[in-house]
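A short worksheet on the structure shown next.
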Amino acid sequence: MNAHVRPRLLQAPAAGQFPPQPFQVYTQRDLERIAPLTKLPEAFRFDMQVVSTVLPFRVNQYVIDELIDWDQVPEDPIFQLTFPQRGMLEPHHFDLIADLLRGGAEPALMQEAVAQVRAELNPHPAGQMELNVPMDEAGNRLEGIQHKYRETVLFFPSQGQTCHAYCTFCFRWAQFVGDKTLRIASSESATLLRYLRSHPEVTDLLITGGDPMVMKTKHLATYLEPLLAPEFDHLQTVRIGTKALSFWPHRFLGADDADDLLRLLERLQQGGKHVALMAHFNHWRELETPAVREAIRRLRDTGVQIRCQGPLVAHINDDPMVWRRLWNTQVSLGLMPYYMFVERDTGARNYFEVPLVRAWEIYRQAVQGVSGLGRTARGPSMSASPGKVEIQGVTEVGGEQVFVLRFIQARNPEWVQQPFFARFDPEATWFDQLRPAFGAEKFFFEQ
Ligand SMILES: *Cc1c(COP(=O)(O)O)cnc(C)c1O
Ligand code: SF4
């Protein structure tokens with residue numbers, strides 16, 4: 001044992017406080033079984049049926065009972081985060097599916113229509129599936145691995161391709177709708193380890209999904225445990241992307257599998273890895289329950305860092321005061337604000353998108369009300385094909401109104417931190433709508 005190894009700090013919760021909970025999940029065919037929903041008008045429930053025929057829907061008892069304020073429905077932000085809403089489909093898409101549902105269409109006909117609508121919702125923004133997938137020596141694609149930025153490898157374990165509930169705005173929605181050809185996943189720990197072994201430049205592994213925390217601890221361990229071998233010393237950081245703290249904090253409480261998970265994270269941490277949970281939060285409400293508070297406490301006791309990120313989305317958190325309170329709550333609980341993302345150009349984007357100029361105002365007003373410890377949140381950031389582009393602000397240069405931009409992260413490391421300018425456009429909601437300022441033909445990184 002190394003001298004720096006800390007004694008185990010894991011504490012059992014007070015007896016009976018957080019006993020193991022059954023995970024009770026609801027999908028589209030259970031919509032009529034969700035008790036508080038039955039109080040809503042019939043037409044409203046039909047709208048949900050229509051939308052969830054196209055977009056994934058999954059919610060669980062914890063979200064229903066502890067996160068949603070049913071007196072505020074439909075405006076409630078967590079209701080908007082998890083339940084389908086009519087405006088999430090374009091009217092012509094909505095009508096197409098609604099007519100088929102009303103007419104009791106043949107399954108084959110329905111499937112065809114659904115597939116057609118989905119195909120029109122840009123299921124793979126920024127070339128998610130095709131690009132960044134490395135090859136082995138024999139030229140085979142290593143599915144389930146993405147290597148876009150030099151130091152960081154993304155891994156999508158096949159057992160982690162779902163979540164404890166689904167976010168209505170999810171940019172990975174196409175992975176959840178059952179079409180296997182749209183799925184990004186690897187079942188092979190061996191593939192990952194071989195890749196990391198041959199890439200000493202990689203310092204960070206980011207395990208993502210879906211949500212890897214839906215996996216049983218023993219499955220997660222097959223990916224994580226081997227990383228402690230000396231041949232992976234170049235790997236300094238293991239990040240795990242998750243929304244489990246929000247959607248199912250009991251993943252970290254009560255059950256034996258939860259204790260095993262905390263010990264696994266602790267072993268990695270004590271073995272010299274920096275372990276970071278990249279926790280997805282959209283609203284401070286997700287951080288208020290006794291269960292999430294206890295889960296955070298237990299995770300922090302293992303020595304892991306919890307860094308927080310999430311998109312800015314209309315109907316859920318397009319309000320500086322929501323972000324201010326979110327970041328302040330995170331800091332007070334010992335979590336680190338990391339990224340504010342711009343909602344991607346996929347799925348129900350029309351419902352959720354916020355103009356870039358508004359996103360910047362929200363970031364700015366929010367950040368003005370937090371201490372330096374909360375200003376570790378960068379953004380608003382767009383994960384676009386060349387890299388992560390941050391909107392730094394709007395200003396005037398030589399009489400022209402411009403967006404000031406920078407790459408936080410880029411395909412080519414040389415591009416990082418070089419300010420560049422786009423023509424101001426009050427309606428633009430995504431990077432591909434921006435044009436270079438000052439009459440230039442191309443942005444500097446396109447030349
Ligand atoms: C955001 C992201 C990362 C991590 O980037 P950091 O700047 O290190 O947080 C890695 N790979 C991809 C594809 C990403 O989008
Ligand atoms: S938790 Fe993440 S991957 Fe899962 S549905 Fe929400 S945004 Fe998508």
Side-chain angles (χ1 to χ4, degrees), residues 27 55-60 63 78 80-84 125-129 131-134 145-157 160-177 183-185 202-214 236-248 251 274 276-283 286 305 307-313 316 336-344 346-348 352 376-379 381-390 406-411 413 415-417:
T27 62
L55 296 170
F57 167 67
R58 184 176 164 90
V59 73
N60 66 61
V63 174
I78 311 297
Q80 293 282 331
L81 168 68
T82 49
F83 279 84
Q128 252 197 98
M129 280 253 287
L131 303 174
N132 316 315
V133 177
I145 298 180
Q146 284 180 15
H147 194 177
K148 178 170 175 179
Y149 305 132
R150 188 170 54 192
E151 62 281 356
T152 306
V153 162
L154 257 57
F155 183 65
F156 300 76
Q161 297 308 301
T162 184
C163 302
H164 294 101
Y166 289 151
C167 306
T168 41
F169 56 72
C170 179
F171 72 96
R172 290 189 174 141
W173 63 276
Q175 287 169 250
F176 302 140
V177 290
R183 214 166 274 189
I184 317 174
V202 174
T203 57
D204 285 44
L205 170 65
L206 207 168
I207 301 187
T208 180
D211 191 331
M213 288 302 177
V214 302
Q236 295 164 3
T237 302
V238 178
R239 303 189 220 177
I240 304 173
T242 184
K243 199 168 170 66
L245 278 170
S246 168
F247 283 158
W248 187 235
R251 177 67 186 93
H274 172 144
L277 223 69
M278 307 307 290
H280 174 186
F281 292 110
N282 307 97
H283 199 282
E286 298 164 281
Q305 290 264 0
R307 293 180 186 259
C308 305
Q309 54 191 24
L312 165 61
V313 264
I316 297 175
M336 285 176 71
Y338 190 63
Y339 278 137
M340 172 200 268
F341 292 121
V342 177
E343 171 60 1
R344 290 206 203 201
T346 181
F352 289 119
T376 51
R378 288 165 301 164
S381 167
M382 293 175 278
S383 295
S385 171
K388 280 193 172 63
V389 180
E390 185 186 63
R406 67 156 175 159
F407 282 107
I408 296 174
Q409 183 60 276
R411 200 175 274 297
W415 301 343
V416 173
Q417 290 292 358

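The structure displayed is predicted, hence computed values, not measured ones. Order of appearance sets the numbers: ligands from 1, and atoms from 1 within every ligand.
- Without hydrogens or angle criteria, T376 side chain to P337 main chain gives a donor-acceptor distance under 3.5 Å.
- A donor and an acceptor atom, one from each side chain of E151 and Q409, are located under 3.5 Å apart.
- F176 and T162 make their closest contact through CE2-CA, 3.9 Å (heavy atoms, listed as atom of the first residue, atom of the second, distance).
- Counting all heavy atoms, side chain and backbone alike, Y149 lies closest to R411 at CE2-N, 3.7 Å.
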Note down each nitrogen or oxygen pair, ligand 1 side and protein side, whose separation is under 3.5 Å; give only atom names and the distance to 0.1 Å.
{"residue": "ligand 1", "atom": "7 (O)", "partner": "Y339", "partner atom": "OH", "Å": "2.8"}
{"residue": "ligand 1", "atom": "7 (O)", "partner": "Q409", "partner atom": "NE2", "Å": "3.2"}
{"residue": "ligand 1", "atom": "8 (O)", "partner": "R239", "partner atom": "NH2", "Å": "2.7"}
{"residue": "ligand 1", "atom": "9 (O)", "partner": "R239", "partner atom": "NH1", "Å": "2.9"}
{"residue": "ligand 1", "atom": "9 (O)", "partner": "Y338", "partner atom": "OH", "Å": "2.7"}
{"residue": "ligand 1", "atom": "9 (O)", "partner": "Y339", "partner atom": "OH", "Å": "3.4"}
{"residue": "ligand 1", "atom": "15 (O)", "partner": "K388", "partner atom": "NZ", "Å": "2.8"}

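- More than 12 heavy atoms of other residues, nucleotides or ligands lie within 6.0 Å of CZ in R307, so this atom counts as buried by the packing criterion.
- Side chain to side chain, T208 and R172 meet the donor-acceptor criterion of an N or O pair below 3.5 Å.
- No donor-acceptor distance shorter than 3.5 angstrom exists from the side chain of D204 to the backbone of R239, with no hydrogens or angles considered.
- Neighbouring protein atoms of atom 8 (Fe) of ligand 2 (N, O or S, distance under 2.8 Å, waters ignored): C170 SG.
- Taking the six-membered ring for Trp and the full ring otherwise, Y166 and F57 have centroids separated by 6.0 Å or more.
- Both the sub-6.0 Å distance and the 45° axial angle are satisfied by R378 relative to the ring of Y338.
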